[in-house]
Amino acid sequence: QIQLEESGGGQVQTGGSLRLSCAASNRAMSPYAMGWFRQAPGKDRELVSTISRDGSKTYYTDSVKGRFTISRDNAKNTMYLQMNSLNPGDTAIYYCAAKDTPLFYSDKIYYQPREYDVWGRGTQVTVSS
């Protein structure tokens, strides 16, 4: 079973940037669609961004469009989330997730947490005003 580990979180001021990494181990990441989710205190886990197995399609929730960029490097078995122009509303624990995806659905992206098979433990992002 693939394992995921997030890194790159931290505390920044409004307007700052962070790059999150999600390193996969035990198995290659290439057969998986991948996603970033976040959960703020007292709120449900929400989708931030997703990328298809073949990397051809991406999705961003409205609140991060134009500020966040998702990418994947299968050779390094790592997915990234570049986060720019951060604001206090981005404060949350950020989780990466993987969904084992058949080759036929290589360009499909997945939106619901329940669709994902494997989760990392999360990394805290705190944005101060």
Roughly how far, to the nearest 0.5 Å, is CD1 of Ile109 from CE of Met34? 14.5 Å
With the 4.5 Å side-chain cut-off for hydrophobic clustering, are Val48 and Tyr111 part of the same group? no
Nearest heavy-atom approach of Ala33 to Tyr116 is O-CE2, 4.1 Å
Got a sec: does the CD of Glu5 have more than 12 other heavy atoms crowding it under 6.0 Å? no
Shortest non-hydrogen contact from Gly35 toward Met79: O-CE, 3.5 Å
Check for a donor-acceptor pair, side chain of Thr91 on one end and backbone N or O of Val127 on the other, with a separation under 3.5 Å. yes
Side-chain donor/acceptor of Asn84 to backbone N/O of Gly66, under 3.5 Å: no
Please tell me if the side chains of Val118 and Gln1 come closer than 4.5 Å, counting only heavy atoms from C-beta onward. yes
Sub-4.5 Å side-chain heavy-atom contact between Arg67 and Asn87: yes
Measure the shortest side-chain to side-chain distance between Asp54 and Tyr105 over non-hydrogen atoms and say whether it is less than 4.5 angstrom. no
Residues at least two apart in sequence or cross-chain that pass salt bridge (charged side-chain N to carboxylate O under 4.0 Å, His left out) with Lys43, listed by chain then number, are none
Only counting residues at least two apart or in another chain, list the ones meeting salt bridge (charged side-chain N to carboxylate O under 4.0 Å, His left out) with Arg38. Glu46, Asp90
List the atom of Ser106, the atom of Ser52, and the distance in Å for their closest heavy-atom pair. O-CB, 3.3 Å
side-chain contact (heavy atoms from CB on, under 4.5 Å) assessment of Met83 paired with Val12: CA-CA 11 Å; Met83 305 188 297; Val12 297; over 6 Å; no
Ser128 backbone acceptor or donor facing Thr14 side chain under 3.5 Å: yes
Can you list every salt bridge (charged side-chain N to carboxylate O under 4.0 Å, His left out) pair that touches residues 98-126, not counting sequence neighbours? Lys57-Asp107
Calculate, to the nearest 0.5 Å, the distance between atoms NZ and CE belonging to Lys76 and Met29 respectively. 11.5 Å
Minimum heavy-atom distance Leu4-Ala24, with the two atoms named: CD2-CB, 4.0 Å
With Tyr80 as reference, evaluate Thr69, Asp73, Ile51, Leu20 under the side-chain contact (heavy atoms from CB on, under 4.5 Å) test and give the passing residue. Asp73
Residues forming a side chain to side chain contact (heavy atoms under 4.5 Å, CB included) with Ser49, sequence neighbours excluded: Tyr60, Ile70, Leu81
Pair Phe68 and Trp36, ring centroids less than 6.0 Å apart: no
Which pairs, with at least one residue in residues 7-22 and sequence neighbours excluded, count as a salt bridge (charged side-chain N to carboxylate O under 4.0 Å, His left out)? none
Heavy-atom pair of closest approach, residues Ser17 and Ser85: OG-N, 4.3 Å
More than 12 heavy atoms from other groups under 6.0 Å of CG on Asn26: yes
side-chain contact (heavy atoms from CB on, under 4.5 Å) assessment of Glu6 paired with Tyr94: CA-CA 8 Å; Glu6 304 92 340; Tyr94 284 69; over 6 Å; no
Crowded around Gln13 CD? As in, over 12 foreign heavy atoms under 6.0 Å? no
For the side chain of Ser30 and the backbone of Ala28, is there at least one donor-acceptor N/O pair under 3.5 Å apart? no
Residues that, via side-chain heavy atoms closer than 4.5 angstrom, fall in one hydrophobic cluster with Leu103: none
Going by the angle between their ring planes, with limits at 30° and 60°, are Trp119 and Phe37 parallel, tilted or perpendicular? tilted
When rounded to the nearest 0.5 Å, the distance separating OG1 of Thr50 from OH of Tyr110 is 10.5 Å
